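Accompanying notes for the structure given below.
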Protein chains: 2
Amino acid sequence: MERSKTQPYHHGQLREALVTSGRALLEEKGIRGFTLRECARRAGVSHAAPAYHFASIDDLLAELAARGFDELAAAMTAEADRVKGAEDAATGRLVGQGVGYMAFAAGNPALFQLMSSREANRLDTPALAAAADKVRSLHAAAVEAVIPHASGEIKQRMADFVGASVHGFISLLLDGQIGGKDSSRALKARGLSLLSAMAETVIRTGG
Amino acid sequence: MERSKTQPYHHGQLREALVTSGRALLEEKGIRGFTLRECARRAGVSHAAPAYHFASIDDLLAELAARGFDELAAAMTAEADRVKGAEDAATGRLVGQGVGYMAFAAGNPALFQLMSSREANRLDTPALAAAADKVRSLHAAAVEAVIPHASGEIKQRMADFVGASVHGFISLLLDGQIGGKDSSRALKARGLSLLSAMAETVIRTGG
DNA sequence: CGCCTAATCTTGTCGTTGGAAAGAGGCAGA
DNA sequence: TCTGCCTCTTTCCAACGACAAGATTAGGCG
């Protein structure tokens, strides 16, 4: 094999390269079109090379999902920080986190779908669970800040409510089940309308 | 081949048999574990027999999804009719439809996930679109009955809100992202709590 | 009643997949 | 330097979706 100039025998960064090519492939072909061999091909290695870094294709998908949750948490925090100067800081953060959540999902639809189906696809690693937990605790903290004096049960149910509304809206939207022929601007308005209705419900129920 | 007593050469009901075995297989193995050949095996025919009835594996999945939406609409209507005797009939129906939606999803998690990802999986048939439309119009009609005097825009946004809340809650629940170690009874209470908060928001926003 | 056309199903094949096994290449510590 | 381990390649296997060609039968037409 002619390899001397082009490719060293040892890749060196193969795990990272597979994560990168895998993520791109996932967005291009969707979950059902995702193949381990194509990931390897794009990373410039043989089809069996990934086996050392990922025990199975589900292992690689779990890694992609876990990193997705990390990014999602970061996107939520970043957007919440951005709207710091609102009149009601706590409510502003709650809505901001929702905007960040939706923006991440819209920007990475296939990855988001993968993240939303790990149970059904039987992928379950500690890193994945921890990353998903972080997102949940962000929701809980934002709700806590809005209704600090409410009971724990109310807070938990409002956190459910917030997570469900935001997740459900962007899921249905990406699925084409909401806003068929609306422009992007009108859809954003509907999303914000949902977020404000959601925030108002949290405030009213908690107080 | 010895076939005289056991299996006639022509199945006769193969399309229906494939839909039935396919649905069972989907719930057993999940979307990624779904194979056309296993469907054929369970229906007692050769691996190439399905080709005549379904052009591709995506065609069969689309059929399963379309029938799922039909069943979902029926479950929503049935549950809404069941709670007919509530104090506020319109609100009762709205909540009842939400309960029916969640019950169907909980009873058919893999099918529900398939239905919630048709865009990403590139399946798109007229029957599927029509069946999904029926579910959406049920949401819209229930909201309409609760706030008949609101503007069309408010009604549309409240329909979004209702669909998103219900869909998001049951999706996160089936995904294990809500109510990790709660009993089934406590989860149902949280679901109902979400539905009542949702209904109250619709009423307040519309009036 | 008998044929005969078209629909249905089987068998066989191709290219691709995920995974396992065996061996080659290269790095790092003794 | 040498040796052992980590990484990657090559080779192989069973299973997959899809296609092609042949077998079988139902049902209409004579």
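Labels below follow one simple rule: chain letters A, B, ... track the order of the sequence lines, proteins then strands, and each chain is numbered from 1. Remember, predicted model here, so these are calculated numbers, not experimental data.
- Taking NE2 of A:His53 as the start and CZ of A:Arg15 as the end, the distance is 8.0 Å to the nearest 0.5 Å.
- Whole-Å rounding puts the B:Arg32 CZ to C:dG19 C1' distance at 14 Å.
- The side chain of B:Ile57 has D:dG17 as its nearest neighbour among C:dC9, C:dG18, D:dG17.
- One interatomic measurement links the two molecules: CG of A:Leu18 to P of C:dG18, which rounds to 12 Å at whole-angstrom precision.
- The side chain of A:Leu36 lies closest to C:dG19, out of D:dA18, C:dG19, C:dT10.
- One finds the CG atom of A:Leu111 at 6.0 Å from the CG atom of A:Leu26 (value rounded to the nearest 0.5 Å).
- Straight-line distance from the CG atom of B:Leu60 to the P atom of D:dC16: 14 Å, rounded to whole Å.
- Using a 4.0 Å heavy-atom distance criterion, A:Thr35 is classed as a sugar-phosphate-only contact.
- Backbone-only contact: B:Arg41 has heavy atoms under 4.0 Å from sugar-phosphate atoms and none from a base.
- Screening B:Val162, B:Asp160, B:Ile154 for a side-chain contact (heavy atoms from CB on, under 4.5 Å) involving B:Val143 leaves a single residue, B:Val162.
- A salt bridge (Lys or Arg N to Asp or Glu O under 4.0 Å) with A:Arg23 holds for exactly one of A:Glu28, A:Glu71, A:Glu63; it is A:Glu71.
- For A:His47 against D:dT11, a side-chain-to-base donor-acceptor contact under 3.5 Å is present.
- For A:His53, a side-chain nitrogen or oxygen approaches OP1 or OP2 of D:dC8 to under 4.0 Å.
- The CZ-P distance, from B:Phe54 to D:dA18, rounds to 13 Å in whole Å.
- As rounded to whole Å, 15 Å separates atom C1' of D:dC6 from atom CZ of A:Arg15.
- Nearest to the side-chain atoms of B:Arg37 among the listed nucleotides C:dG18, D:dC16, C:dC9 stands D:dC16.
- When the P atom of D:dA15 is taken as reference, atom CZ of B:Phe34 falls 18 Å away, rounded to whole Å.
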